[in-house]
Amino acid sequence: EQARPLSELRQMIADAAAEGDVEALQDAEFLMENYRGYRNYPPETEEWFLRQDVIVGSSCCQALIHSYYQSDDTRMEQHQRDGVICGFLFYSNDAIPPHTLVELRAQLEEQLQALSGEDATILGGAIGMRYSYIDCMCFDLKSFLNTACGVLNQYELEEIGFHVFRVDCGGVNLKNE
């Protein structure tokens, strides 16, 4: 089944209830139990690492987000041993009207999931003061980054990159120059 943005969850539940679709209601229940919203208070200092600017986000993998903020690489090491790379795409919010930030991120998540197929799963994302983030679990990193590069470079974004869920390493620039 095709991925749906979290913004459609309420309508999906209402439609399923009206149609008596028990399976869809169970799927919606699963999403409600597993997706968690979170909010942060960005630091007021000049220096910060990626994602410290996050104001609000949602994820179906809160443990991964928590480990990142705690600089705990244990989860990442486990995933990498299994051949999975967990990370996030990030792009600058500078050229995006503030009232469209959430809608654009949802649109990008939808496009990325549809075009990535089995190469990656979109886990959620966040909006920050400076950047927006799309969290992903990659099963074929090279293929996913090629897809992400193609999608994100269609937009007038000043910075585009990918970063694994490890604080002490750099990211990869995806911006076509």
Side-chain angles (χ1 to χ4, degrees), residues 3-7 30-31 33-43 45-93 96 101-102 104-153 155 157-175:
R4 296 177 190 212
L6 196 55
S7 60
F30 173 82
L31 286 172
E33 290 172 4
N34 291 288
Y35 264 91
R36 297 285 185 250
Y38 61 95
R39 69 175 179 199
N40 290 336
Y41 300 96
T45 62
E46 291 280 327
E47 292 188 29
W48 45 271
F49 59 85
L50 281 173
R51 294 187 78 99
Q52 275 190 310
D53 68 325
V54 166
I55 301 167
V56 65
S58 61
S59 177
C60 67
C61 198
Q62 282 294 99
L64 194 58
I65 305 290
H66 179 75
S67 293
Y68 176 75
Y69 282 117
Q70 299 301 312
S71 297
D72 178 0
D73 293 337
T74 307
R75 221 172 271 288
M76 281 295 295
E77 290 164 4
Q78 291 169 341
H79 287 301
Q80 279 186 278
R81 277 194 298 273
D82 292 335
V84 177
I85 303 297
C86 298
F88 53 89
L89 298 164
F90 62 92
Y91 54 90
S92 173
N93 292 336
I96 305 168
L101 287 171
V102 173
L104 175 62
R105 196 193 84 213
Q107 180 181 348
L108 290 171
E109 287 176 6
E110 257 185 82
Q111 286 179 328
L112 288 165
Q113 189 62 69
L115 294 172
S116 296
E118 295 182 7
D119 294 338
T121 297
I122 303 300
L123 304 172
I127 304 291
M129 296 290 289
R130 178 125 165 72
Y131 296 99
S132 289
Y133 306 92
I134 299 174
D135 306 335
C136 50
M137 183 174 281
C138 303
F139 308 103
D140 183 337
L141 182 62
K142 183 177 180 180
S143 180
F144 175 72
L145 291 182
N146 285 334
T147 299
C149 191
V151 170
L152 295 172
N153 277 288
Y155 296 84
L157 303 169
E158 293 179 18
E159 288 180 71
I160 303 168
F162 175 82
H163 196 283
V164 294
F165 276 109
R166 292 179 187 266
V167 173
D168 297 325
C169 70
V172 176
N173 179 19
L174 298 178
K175 179 78 173 165

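Treat the numbers as computed from the prediction; the structure is a model and nothing was measured.
- Checked against side chain to side chain donor-acceptor pair (under 3.5 Å), S71 has no partners two or more places apart in sequence or in another chain.
- The list of salt bridge (Lys or Arg N to Asp or Glu O under 4.0 Å) pairs with a residue in residues 123-134, not counting sequence neighbours, reads D94-R130, R130-E159.
- With sequence neighbours left out, the side chain to side chain contact (heavy atoms under 4.5 Å, CB included) criterion links L101 to N93, I96, I127, S132.
- Using a 4.5 Å heavy-atom cutoff, the side chains of I160 and L89 are not in contact.
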Show me the donor-acceptor pairs within less than 3.5 Å that the side chains of residues 137-146 make with the rest of the protein, sequence neighbours left out.
| residue | atom | partner | partner atom | Å |
| --- | --- | --- | --- | --- |
| D140 | OD1 | S143 | N | 3.2 |
| S143 | OG | D119 | OD2 | 2.5 |
| N146 | ND2 | K142 | O | 3.3 |

In a table with atom names and distances, give each donor-acceptor pair under 3.5 Å that connects a side chain of residues 163-171 to protein atoms at least two apart or in another chain.
| residue | atom | partner | partner atom | Å |
| --- | --- | --- | --- | --- |
| H163 | NE2 | C169 | O | 2.7 |
| R166 | NE | Q80 | OE1 | 3.4 |
| R166 | NH1 | D73 | OD2 | 3.3 |
| R166 | NH2 | Q80 | OE1 | 2.4 |

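- At distances below 3.5 Å, at least one donor-acceptor pair connects side-chain atoms of D72 with backbone N or O atoms of T74.
- For the side chain to side chain donor-acceptor pair (under 3.5 Å) test, residues two or more places apart in sequence or in another chain that qualify with R75 are S67.
- Y133 is listed as a side-chain neighbour of D53, based on a closest heavy-atom distance under 4.5 Å.
- Looking only at side-chain heavy atoms (C-beta outward), I134 and Q113 stay at 4.5 Å or farther from each other.
- Applying the side chain to side chain donor-acceptor pair (under 3.5 Å) rule to Y91 yields no partners; only residues at least two apart in sequence or on another chain are considered.
- Applying the side chain to side chain donor-acceptor pair (under 3.5 Å) rule to N153 yields no partners; only residues at least two apart in sequence or on another chain are considered.
- The salt bridge (Lys or Arg N to Asp or Glu O under 4.0 Å) search around E158 returns none, not counting sequence neighbours.
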